[in-house]
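These values consider heavy atoms only, across backbone and side chains, with no hydrogens, waters or symmetry-generated copies. Given the structure is predicted, the values throughout are model-derived calculations rather than measurements. Atoms within a ligand are numbered from 1 in the order they appear, just like the ligands themselves.
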Amino acid sequence: MSKTSYSIAVLPGDGIGVEVIDATIDVLQALAPRIGRHFDFAKHPAGAQHYVDSGESLPESTLAACRAADAILFGAMGLPNVRQADGTEIIPQLDIRFALDLYAGVRPIRTFAGLPGPLADARAAQIDLVLVRESTEGLFHARGRGRIEGTGDEAAALDTMKITHKGTARICDFALKLARQRKARGKPGRVTNVDKANVFLSMAFWRQVFEERAKAFPDVATENAYVDAMALNLVMKPWAYDVLVTENMFGDILSDLIAALAGGMGMAPSADIGDDYALFQPAHGTAPDIAGQGIANPSATILSGAMMLDWLAARHGDSTLADGARAIEDALSSAFAKGIVRPREFGGSSGTADIVRAVVGGL
Ligand code: ATP
């Protein structure tokens, strides 16, 4: 008999993080009895406001709770005027990524009928791609390790890009396996490796590892692309891509670009996955400009909740959870397609609670 109850560590964070997390918990709680499962949500403190209140942005007890739970649901963290002593932002999500070795940043993007994106081409309706971002090294390895050499006119700031064989092999394997799974569900099953191998030694090394790993997946089609050309092509013909795999910094930038393809940050879910733990969060930040008004679009976080169910389903051999994920996605798509709700990002007037009500009503 497979597990029927799942513990979820919830880190709402700051700004609209709190609102979109509450919305997602409401959807998951409504789903639970319908699929005969129980979700035990426990909220834990972290983030910029917690830093102001306590001097800690990510308490050890919160990290321990993340380790103990079956999965982690995360809102958004950071506030514009809250900075650490060195002037950098409070970014506990990066600390969690490193602490739990969540090396795969997974950013799926698709378009929804009823919600027009920024591209006029009719083929934009077919956009359905996943960006896999290496999340533990690359240029982000430099965070906290940068140095300044020299002074005055001679001063130079240095950040180092670190690409390891092990780190690259595991993210390439992750992307190749994902493409194989997608192929089984009728998608193209193709991985586009995105790098800058024509300029940097680190990137030439990355490409070499990608090509080496791809040989172990003869059923998965692969190709290489330069990141600058990719920025162009993701605007010109995003429907031509299936799975993309790339270095941390390139992934950081391209994930915002692809969020725009879906019409806005409020539509972009995301997961940070490792071998032992996984965290699910919207791709957007705390959006202080709209916080506390009940107008944040919770779709990204609700879709991240569905990703969490898929991950738990695979990990625990509980296909009922995957059925639950499809029910959430279908309810959201249908609410948009039928015009029951339209987020403000798309010129509509639906607030957070309206969208939750529509999804719950469609489960
Ligand atoms: P970060 O640096 O953490 O990404 P940010 O403020 O630069 O934070 P976001 O928080 O992602 O970026 O928000 C950018 C803008 O997008 C916000 O100002 C807001 O207007 C809009 N936005 C982001 N998320 C949502 C959402 N869920 N619903 C509606 N609008 C959103």
Side-chain angles (χ1 to χ4, degrees), residues 11-27 46-52 57-58 73-84 87-97 105 107-110 112 115-118 131 133 135 140 143 248-249 251-272 279-307 328 332 335-336 341-359:
L11 279 59
D14 303 302
I16 64 166
V18 177
E19 299 163 55
V20 294
I21 282 291
D22 281 344
T24 302
I25 290 177
D26 286 351
V27 169
Q49 190 56 50
H50 190 68
Y51 178 78
V52 172
S57 58
L58 180 64
L73 197 54
F74 185 104
M77 294 186 189
L79 291 171
N81 300 321
V82 181
R83 292 281 185 273
Q84 297 177 115
T88 57
E89 270 182 67
I90 307 286
I91 322 177
Q93 53 272 43
L94 285 188
D95 301 325
I96 297 178
R97 249 176 235 166
R107 314 290 168 97
I109 280 295
R110 52 165 288 203
F112 288 85
L115 297 184
L131 175 78
R133 163 187 177 185
S135 295
F140 278 66
R143 184 173 176 256
N248 208 342
M249 182 69 165
D252 187 40
I253 298 165
L254 292 181
S255 60
D256 271 29
L257 192 156
I258 61 171
L261 298 174
M265 294 302 286
M267 299 305 299
S270 140
D272 293 299
L279 178 152
F280 300 85
Q281 63 172 324
H284 61 75
T286 56
D289 56 328
I290 59 163
Q293 299 172 44
I295 59 173
N297 179 2
S299 303
T301 320
I302 292 170
L303 291 168
S304 301
M307 290 176 80
I328 290 175
L332 190 67
F336 294 139
V341 281
R342 191 175 175 91
R344 284 165 189 258
E345 287 172 303
F346 295 87
S349 59
S350 309
T352 314
D354 300 318
I355 296 172
V356 171
R357 209 173 302 116
V359 175

Trainee: Would Arg133 pass as a cation-pi partner of Phe140, given that its NZ or CZ must be under 6.0 Å from the six-membered ring centre and within 45 degrees of the axis?
Mentor: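 Yes, cation above the ring, under 6.0 Å and within 45°.
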Trainee: Show which side-chain atoms of residues 282-295 pair as donor or acceptor with protein atoms under 3.5 Å away, not counting sequence neighbours.
Mentor:
residue	atom	partner	partner atom	Å
Thr286	OG1	Gly78	O	2.9
Gln293	NE2	Asp289	O	3.2

Trainee: Strictly under 4.0 angstrom, heavy-atom based: which residues surround ligand 1?
Mentor: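 Protein residues near ligand 1 are Ile16, Met265, Gly266, His284, Gly285, Thr286, Ala287, Pro288, Asp289, Ile290, Ala296, Asn297, Glu345.
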Trainee: Between the side chains of Ser270 and Arg107, is a donor N or O closer than 3.5 angstrom to an acceptor N or O?
Mentor: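 Side-chain D/A pair, Ser270 to Arg107: present.
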Trainee: Flag the pair Ile96 / Phe74 as yes when at least one side-chain heavy-atom distance between them is below 4.5 Å, and no otherwise.
Mentor: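 The answer is yes, as the side chains (C-beta and beyond) meet within the 4.5 Å cut-off.
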Trainee: Hey, are the side chains of Ile355 and Leu332 touching, using non-hydrogen atoms and a 4.5 Å cut-off?
Mentor: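 A side-chain contact exists here, since the closest heavy-atom pair is under 4.5 Å.
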Trainee: Main chain of Ile253, side chain of Asp256: is a donor-acceptor contact present, judged purely on distance under 3.5 Å?
Mentor: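 Judged by distance alone, no pair lies under 3.5 Å.
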